[in-house]
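What follows is a single structure, written as structure tokens, with notes after it.
Naming: A, B, ... by sequence-line order, numbering from 1 per chain.
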Protein chains: 2
Amino acid sequence: MPATRRPSRSDGDRSRGTILEAAAALATVEGIDGLSLARLATVTGMSKSGVFGLFGSKEELQLAVVGHARTVFVREVVEPALTAKPGRSQLLALCLGYLDHVERRDYPGGCFFASVAAEVGSRPGPVRDLVAAEHDAWIGLLAAQAHRAVADGELPADCDPVRLSGELGVMLTGADIAYLLHDDPRIIDTVRAAVATRLASPDTEPS
Amino acid sequence: MPATRRPSRSDGDRSRGTILEAAAALATVEGIDGLSLARLATVTGMSKSGVFGLFGSKEELQLAVVGHARTVFVREVVEPALTAKPGRSQLLALCLGYLDHVERRDYPGGCFFASVAAEVGSRPGPVRDLVAAEHDAWIGLLAAQAHRAVADGELPADCDPVRLSGELGVMLTGADIAYLLHDDPRIIDTVRAAVATRLASPDTEPS
DNA sequence: CCTACCGATCGGTAGG
DNA sequence: CCTACCGATCGGTAGG
């Protein structure tokens with residue numbers, strides 16, 4: 001049993017991870033289209049064509065960056081909320097976890113998906129499609145807990161889980177962008193309170 | 001009295017206007033940093049250095065584009081709402097006017113300020129500062145009507161106009177981005193209903 | 001306002 | 001993974 005490192009995690013894998021971590025953070029500031037192979041090479045100490053070779057094209061790099069950001073989002077926002085009781089509590093924990101993630105500045109440009117969604121939302125292509133799919137998955141997570149909360153009587157029976165989750169998602173994305181623009185934590189607190197209120201009072205919206 | 005055109009609006013003024021109109025629309029899709037003098041020259045039929053000369057630098061062009069977008073925003077969103085009765089009605093009209101503006105796709109990339117705020121929010125500089133100032137002015141407009149609504153008894157006395165306007169601003173920005181990403185008008189309808197509900201029910205938020 | 005040009009940087013390729 | 005290179009495009013300048 002030699003002490004040499006296991007081949008199961010190659011240098012290439014490690015390089016990929018290093019690049020993706022730097023790229024995801026950079027993308028929240030410069031945009032996912034503003035990523036440059038040369039800059040990533042400099043940051044990670046590789047050659048430009050070395051970075052290129054690991055991904056095959058800039059678009060493949062961008063798709064890999066979105067996948068990496070998803071992993072981070074699950075770890076930083078979703079998983080901590082899973083300890084809360086399913087239903088209203090977990091729904092609230094997911095929303096507050098998102099706002100904590102933004103306020104913590106896990107990425108310098110706030111929430112990766114809010115930032116990139118605003119950038120690629122009006123630019124059709126595989127990157128937009130993947131970002132939209134991940135966003136749907138996130139809203140679906142909120143909707144599932146909203147549904148459970150209604151089923152358990154924690155929210156009014158006439159509350160539409162899909163509309164409620166859409167409304168919450170909109171508030172969270174908006175909070176991220178307003179926070180970036182002003183660097184003022186009061187807007188995060190305002191949205192924390194608004195989310196809590198929304199989940200405490202009956203859903204009296206007209207259809 | 002010769003029939004020749006008045007000198008009060010020079011060719012340069014007209015060229016500026018043509019460029020700014022194209023640039024504002026382009027910026028909502030490609031980003032305000034993605035604007036290129038060469039592309040704007042092609043679109044407007046000028047030479048690249050002709051465009052450059054009218055503004056002096058790319059940054060000056062960007063600042064002029066933000067100013068133009070402000071004019072459009074006032075014309076498309078603010079002014080139509082001013083016919084509504086000051087207070088709760090005008091506050092609602094401003095919010096619904098914003099959502100109409102987004103759904104109408106006055107710009108291909110939705111609301112200019114939401115798009116550009118997400119882009120430059122984490123990038124310090126004059127462009128960010130100007131965008132932030134215009135955003136503040138918009139929220140201030142909402143806050144003034146919220147204040148009036150409270151004073152007139154149209155909203156509960158314990159409703160904080162600043163928090164309410166921040167909350168509304170967040171919902172509107174979030175709606176814009178979600179609509180871009182999915183091209184689904186249902187999210188706009190959901191937010192229309194949420195805004196109406198928010199302005200109809202008491203402000204029961206904890207401080 | 002134009003043509004013609006500058007140095008820098010881009011994504012990607014050749015060849016190893 | 002590397003060096004060396006490609007054609008294209010960038011913001012900006014010179015000179016008129």
Gap between atoms CZ and P, on B/F55 and D/dT13 respectively (whole Å) | 16 Å
Write down the distance between CD (A/Q62) and C1' (C/dG11), rounded to a whole number of angstrom.
-> 11 Å
Does the pair A/E119/A/R128 count as a salt bridge with the N-to-O cut at 4.0 Å?
-> no
B/R123, CZ atom: more than 12 neighbouring heavy atoms under 6.0 Å = yes
Would you kindly check whether a donor in the side chain of A/K48 faces an acceptor in the base of C/dG12, or vice versa, at under 3.5 angstrom?
-> yes
Which base, if any, makes a Watson-Crick or G-U wobble pair with C/dC6, both distances under 3.5 Å?
-> D/dG11
Using a heavy-atom cut-off of under 4.0 Å over every strand shown, decide if A/L61 touches base, sugar-phosphate, or nothing.
-> nothing
Interatomic distance where CD1 belongs to B/I19 and C1' belongs to C/dC1 [whole Å] | 11 Å
Does OP1 or OP2 of C/dC10 have a side-chain N or O of A/S36 closer than 4.0 Å?
-> yes
Which nucleotide in D/dC10, D/dC1, D/dG12 has an atom nearest any side-chain atom of A/M46 | D/dC1
B/R39 CZ to D/dG11 P: how many Å, rounded?
-> 11 Å
If you take atom types as modelled and just measure distance, does the side chain of B/S49 reach the base of C/dT3 with a donor-acceptor pair under 3.5 Å?
-> yes
Check for a donor-acceptor pair, side chain of B/S115 on one end and backbone N or O of B/C111 on the other, with a separation under 3.5 Å.
-> no
Expressed in angstrom and rounded to an integer, what is the separation of A/L40 atom CG from C/dC10 atom P?
-> 10 Å
What distance do B/M171 atom CE and B/C95 atom SG have between them, rounded to the nearest 0.5 Å?
-> 8.5 Å
Atom CZ of A/F52 and atom P of D/dT3 are separated, to the nearest Å, by 17 Å
If the plane angle is over 60° it's perpendicular, under 30° parallel, otherwise tilted; pick one for A/F112 and A/Y107.
-> tilted
Considering only C/dC10, C/dC2, C/dG11, which nucleotide approaches the side chain of A/L37 most closely?
-> C/dG11
Between CZ of A/R16 and C1' of D/dC1 the distance, given in whole Å, is 15 Å
How long is the line joining CG of A/D33 and C1' of D/dC10, in whole Å?
-> 15 Å
